[in-house]
Amino acid sequence: MKNIVRSVKGTRDFYPDEMARRSWLVEKLKTASEAFGYQRYEGPCLETIDLYAAKSGEELVKEQAFVFEDRGGDPITLRPELTPTLTRMVASKENELAFPLRWWAFGPFWRYERPQKGRTREFYQWNIDLIGSDSVQADAELLAVAANFFKLVGLKSDMVQILVNDRRLMDRKLTDIGIRNEMKPELLKLIDRIDKQPADVWEKNVAALGLDMGQIGAIKALLANGDLWQESVELSKIFEYVEALGIREYVQYSPKIIRGLDYYTGLVFEAHEVKGDFRAILGGGHYANLVADVGGQPLPGVGFAMGDVVIMLVLEAYGLLPADLSYPGTVFVTVFDEELLVESIKLARHLRENGFNVILAEPDKLARQFKLADRLGVKFALVLGPDELANGTVMVKDLRTFEQHSVSRNELGSIINH
RNA sequence: GUGCCUGUAGCUCAAUGGCAGAGUGCUUCACUGUGGAUGAAGAUGUUGAGGGUUCGAGCCCCUCCAGGCACCCCA
């Protein structure tokens with residue numbers, strides 16, 4: 001490899017093909033969000049570190065945020081997540097906004113982590129929140145947004161599943177087992193990663209918190225109980241509502257879903273590819289009082305975030321990424337020779353004035369011009385040679401089917417209009 | 001931040017410590033009004049970077065860089 005200055009570790013270059021895929025993804029997110037009445041918003045990528053001091057996972061900010069000083073010496077953070085920004089935006093205009101709010105966003109985030117498959121240091125994230133409602137209906141709606149997005153991009157319920165749980169239910173069950181409140185946060189973290197640690201290591205870690213063998217056994221029984229949701233009024237309603245929303249087959253109960261972020265207080269959920277070859281596609285939950293922490297009136301809500309990296313890997317694995325994104329609807333106008341260049345310029349102009357995107361070639365062997373058109377991935381190539389000029393026609397070649405027809409200028413628009 | 005694996009042509013990968021290769025793609029021509037195929041010819045490169053051992057390093061050793069797996073965390 002030549003001696004080219006490197007890009008920053010964990011960042012990605014988006015060449016036109018990749019950029020087209022990202023734009024395609026954003027279109028799908030927009031469609032899925034707007035179908036439920038969500039409006040797009042955006043915040044700054046730079047924030048003060050104070051914004052994150054109040055909440056988030058402490059580790060997320062202390063260990064994983066990019067923090068640096070600006071030229072005035074003030075500490076600046078590249079946002080590692082959007083929720084605190086959203087919280088501030090809502091709190092500052094709490095009295096003028098129409099609640100419940102339905103907002104979505106898509107933008108870049110940064111976390112200083114070791115890059116792996118599905119995890120980069122600079123990534124894009126879809127955030128969607130419903131703020132100002134404490135209802136189970138609102139929780140179910142967010143599950144429906146996620147599931148309908150999956151449907152929209154062709155991911156069936158045998159490819160992805162949304163696993164749900166409720167922190168209130170888990171809290172109750174832990175109390176029943178005799179777990180003291182001070183012990184619960186640590187224990188919940190361990191429950192969250194029970195499948196990541198060998199069984200004996202996990203038990204050792206739980207025992208280290210001060211649990212006896214009986215309690216450990218009770219927790220293991222709890223985590224193996226797929227019907228536990230029936231003891232939760234809220235989860236029972238969730239399953240009733242997702243049935244009515246037509247997405248029941250996407251939603252599944254799992255007592256092991258806890259989520260790392262501290263501000264979740266009720267429903268928590270994660271979407272996974274079913275074969276387990278990927279990290280979580282999206283994750284979210286219900287929070288009781290996000291806005292109060294930054295000085296507003298307490299406002300409950302529910303939301304989730306989806307990174308661009310994992311979802312694109314999953315879509316690629318299932319062959320669901322569209323192939324012909326490079327030049328949809330762009331027309332390639334060849335130039336027969338230097339003498340006819342002006343005629344081709346006029347033809348290209350005429351087409352642009354009629355709403356077409358047009359690439360005008362430069363005089364060269366026609367074979368070379370066609371080869372370029374082929375590599376660019378355009379659908380139509382036009383030839384305007386002496387014969388066509390003499391009888392007022394244009395040769396239109398469909399590069400996909402290899403068919404070509406001589407058509408009049410008047411017919412041209414309708415021929416290439418699809 | 002911890003442990004392990006990997007890095008060779010644009011891409012996918014070969015090469016016992018002994019002359020750096022194949023497939024594919026690319027360029028040119030056969031084809032002076034046409035990109036699919038075929039045939040012919042051609043170029044692929046500081047073997048991720050730097051140092052060390054050796055008569056000799058793609059291969060062994062060290063450092064660094066990158067991305068992959070697990071941990072951690074999480075999108």
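Labels below follow one simple rule: chain letters A, B, ... track the order of the sequence lines, proteins then strands, and each chain is numbered from 1.
- For A:Arg119 and A:Pro386, each mapped to the nucleotide of RNA chain B holding its nearest heavy atom, the one lying further toward the 5' end belongs to A:Pro386.
- Within 4.0 Å (heavy atoms only), A:Glu270 reaches no atom of the nucleic acid at all.
- A cation-pi arrangement is present between A:Lys397 and A:Phe370, with the terminal nitrogen or guanidinium carbon under 6.0 Å from the aromatic centre and inside a 45° cone about the axis.
- Salt-bridge formation is not detected for the pair A:Arg22/A:Glu18: no Lys NZ or Arg NE/NH1/NH2 atom is positioned less than 4.0 Å from an Asp or Glu carboxylate oxygen.
- Between the side chain of A:Gln404 and the base of B:G35, no donor-acceptor pair of N or O atoms lies under 3.5 Å.
- With hydrogens and angles ignored, no donor-acceptor pair under 3.5 angstrom links the side chain of A:Arg259 to the base of B:C74.
- Ring geometry for A:Trp229 against A:Phe239 counts as tilted: the plane angle lies between 30° and 60°, on a 0 to 90° scale.
- Contact annotation: A:Arg193 side-chain N/O to B:C73 OP1/OP2 distance is under 4.0 Å.
- Under the 4.0 Å criterion applied to side-chain N and carboxylate O atoms, A:Asp192 and A:Lys256 are not assigned as salt-bridge partners.
- In this structure, the nucleotide among B:G67, B:C71, B:U34 sitting nearest to the side chain of A:Pro115 is B:G67.
- Between A:Gln116 and the phosphate of B:A70, there is a side-chain N or O to OP1/OP2 separation shorter than 4.0 Å.
- B:G52 sits 15 Å from B:G58 when the P atoms are compared, rounded to a whole Å.
- Rounded to whole Å, the separation between the P atoms of B:U27 and B:A66 comes to 34 Å.
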